[in-house]
Amino acid sequence: MLAIVADHFFFSALHKGAFFRYTDVMPELPEVETVMRGMMPALENATIQNVTINRFDLRGGIPRDFAERVTGAYVDKLERRGKYIIAHLNNDTSIILHLGMSGRIRIFPQATSYDAQKHDHVIFDTAAGARIAFEDPRRFGMLYLAPRSAWDQAPPFSKMGSEPLDNHFHAQRLASALTSRKSPIKSALLDQNIVAGLGNIYVCEALYRAHISPLRLSNSLNADEIDALTAAIKDVLRDAIAAGGSTLRDYQHTDGELGYFQHRFDVYGRKDEPCKTATCDATVQHCVQSGRSTFYCAQCQL
DNA sequence: ACGAGAACCTGTTTGC
DNA sequence: TGCAAACAGGTTCTCG
């Protein structure tokens with residue numbers, strides 16, 4: 001149901017020799033989806049000719065034999081699960097990539113135009129001459145390998161919740177995951193084992209759209225509220241993916257970096273600013289839950 | 001089993 | 001102006 005945004009505009013932009021950069025991103029599901037789509041033209045149906053690893057000490061550590069296990073392999077499919085990007089290789093290996101919170105992917109259609117950055121930890125070169133650089137200043141990112149035939153049988157995928165944009169994700173499924181939960185709904189929605197791919201920003205946004213207070217206990221939501229929440233989660237993610245897609249397309253018109261978030265959020269980061277509901281005169285409230293910033297409208301969200 | 005909080009990390013913002 | 005402290009957040013680990 002998702003439109004292909006890596007269209008011919010995108011290809012022509014890449015072939016001008018410029019590069020493609022993601023910046024100022026808190027990678028949640030929509031950002032990871034956009035990054036994966038941006039990687040597709042360069043990495044899908046490509047042969048990995050060379051891998052350069054500048055440092056191995058990302059979260060969990062990059063396997064010491066990572067380069068030798070992927071060099072020469074053919075990438076025949078990319079997919080996303082939650083906030084992870086998985087590249088499937090033709091040698092029964094899958095590359096698992098997580099952007100952490102500061103991870104970026106830069107793509108150079110011609111490796112000769114590559115400009116090295118301080119935190120470029122891993123660099124992939126393809127047989128077609130492209131270069132894909134994984135940059136991550138905070139090193140919360142992850143990069144490791146799994147057997148392709150069983151990549152989703154191990155943590156974190158084995159216990160991961162539904163993909164919120166799948167048809168399999170519906171109100172009843174969310175309800176059953178929440179009934180045993182006593183924590184605030186905000187905290188529960190951040191749990192990747194309940195819904196995959198939500199992070200702090202989109203949880204705040206979804207609760208705002210559903211008119212549900214982040215302070216409510218998970219098991220206190222009634223059926224109507226869970227219906228609204230399910231729809232709000234899907235809507236907010238679809239909107240954000242569409243915005244990411246439009247920035248991909250707009251890239252042909254820009255000379256510099258590509259950022260996602262020219263658009264503003266309804267509540268996230270808007271402490272003390274006016275609520276965006278036309279009939280509401282309240283201001284956005286801020287609090288901390290489970291050590292994370294929460295933004296909400298106390299008047300609209302009950 | 002569950003929930004809360006700390007730790008990890010560094011670029012950026014805030015406060016004195 | 002300059003420096004230090006606070007802040008940001010996804011995941012994993014620890015503790016109650």
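The chains referred to below are lettered A, B, ... by the order of the sequence lines, with proteins before strands, and numbering in each begins at 1.
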Exercise. So do A:Leu190 and A:Asn200 actually touch side chain to side chain, heavy atoms under 4.5 Å?
Worked result: yes
For this session: Would you kindly give the NE2-to-P distance between A:His121 and B:dC9, to the nearest whole Å?
Result: 12 Å
Exercise. Is any NZ, NE, NH1 or NH2 atom of the basic residue among A:Lys77 and A:Glu44 found under 4.0 Å from an Asp or Glu carboxylate oxygen of the other?
Worked result: no
Problem set entry | Between C1' of B:dC8 and CE of A:Met142, the distance in whole Å | 12 Å
Exercise. Has A:His98 got a side-chain N or O lying under 4.0 Å from the OP1 or OP2 atom of C:dT11?
Worked result: yes
Problem set entry | Protein-nucleotide distance (A:Lys182, atom NZ; B:dG3, atom P), rounded to Å | 8 Å
For this session: Measure from CG on A:Leu178 to C1' on B:dG3 and round the result to the nearest Å.
Result: 15 Å
Problem set entry | Phosphate OP1/OP2 of B:dC2: any A:Ser183 side-chain N/O under 4.0 Å | no
For this session: Would you indicate, yes or no, if C:dT11 has its OP1 or OP2 atom less than 4.0 angstrom from a side-chain nitrogen or oxygen of A:Lys83?
Result: yes
Exercise. What nucleic acid atoms does A:Arg59 come within less than 4.0 Å of, heavy atoms only: base, sugar-phosphate, or nothing?
Worked result: base
For this session: Salt-bridge test for A:Glu163 and A:Arg80: reply yes if a basic N is under 4.0 Å from a carboxylate O, no otherwise.
Result: yes
Exercise. Looking only at side-chain N and O atoms, does A:Arg139 come under 4.0 Å of OP1 or OP2 in B:dT10?
Worked result: yes
For this session: Indicate whether any N or O donor in one side chain lies under 3.5 Å from an N or O acceptor in the other, for A:Ser162 and A:His168.
Result: no
Seminar exercise, completed: A:Leu215 CG to B:dA4 P, in whole Å, measures 12 Å
For this session: Check whether any side-chain nitrogen or oxygen of A:Arg181 sits under 4.0 Å from OP1 or OP2 of B:dG3, and answer yes or no.
Result: yes
Problem set entry | 5' priority, DNA chain C, between A:His286 and A:Pro155 [closest heavy atom] | A:His286
For this session: Take atom CZ of A:Arg138 and atom C1' of C:dT11, then tell me their distance rounded to the nearest Å.
Result: 15 Å
Exercise. A:Gln192 side chain N/O closer than 4.0 Å to the phosphate oxygens (OP1, OP2) of C:dT11?
Worked result: yes
Problem set entry | Spacing between A:Glu135 atom CD and B:dT10 atom P, to the nearest angstrom | 14 Å
For this session: Starting at atom CE of A:Met101, determine the distance to atom P of B:dA7, rounded to an integer number of angstrom.
Result: 18 Å
Exercise. Cluster question for you: counting only ILVMFWY and a side-chain heavy-atom cut-off of under 4.5 Å, with indirect links fine, are A:Ile48 and A:Phe66 together?
Worked result: yes
Exercise. What nucleic acid atoms does A:Pro184 come within less than 4.0 Å of, heavy atoms only: base, sugar-phosphate, or nothing?
Worked result: sugar-phosphate
Exercise. Hey, is the side chain of A:His119 poking within less than 4.0 Å of OP1 or OP2 on B:dG11, counting only N and O atoms?
Worked result: yes
Exercise. When only distance counts, do a donor and an acceptor, one from the side chain of A:Arg292 and one from the base of C:dG10, lie under 3.5 Å apart?
Worked result: yes
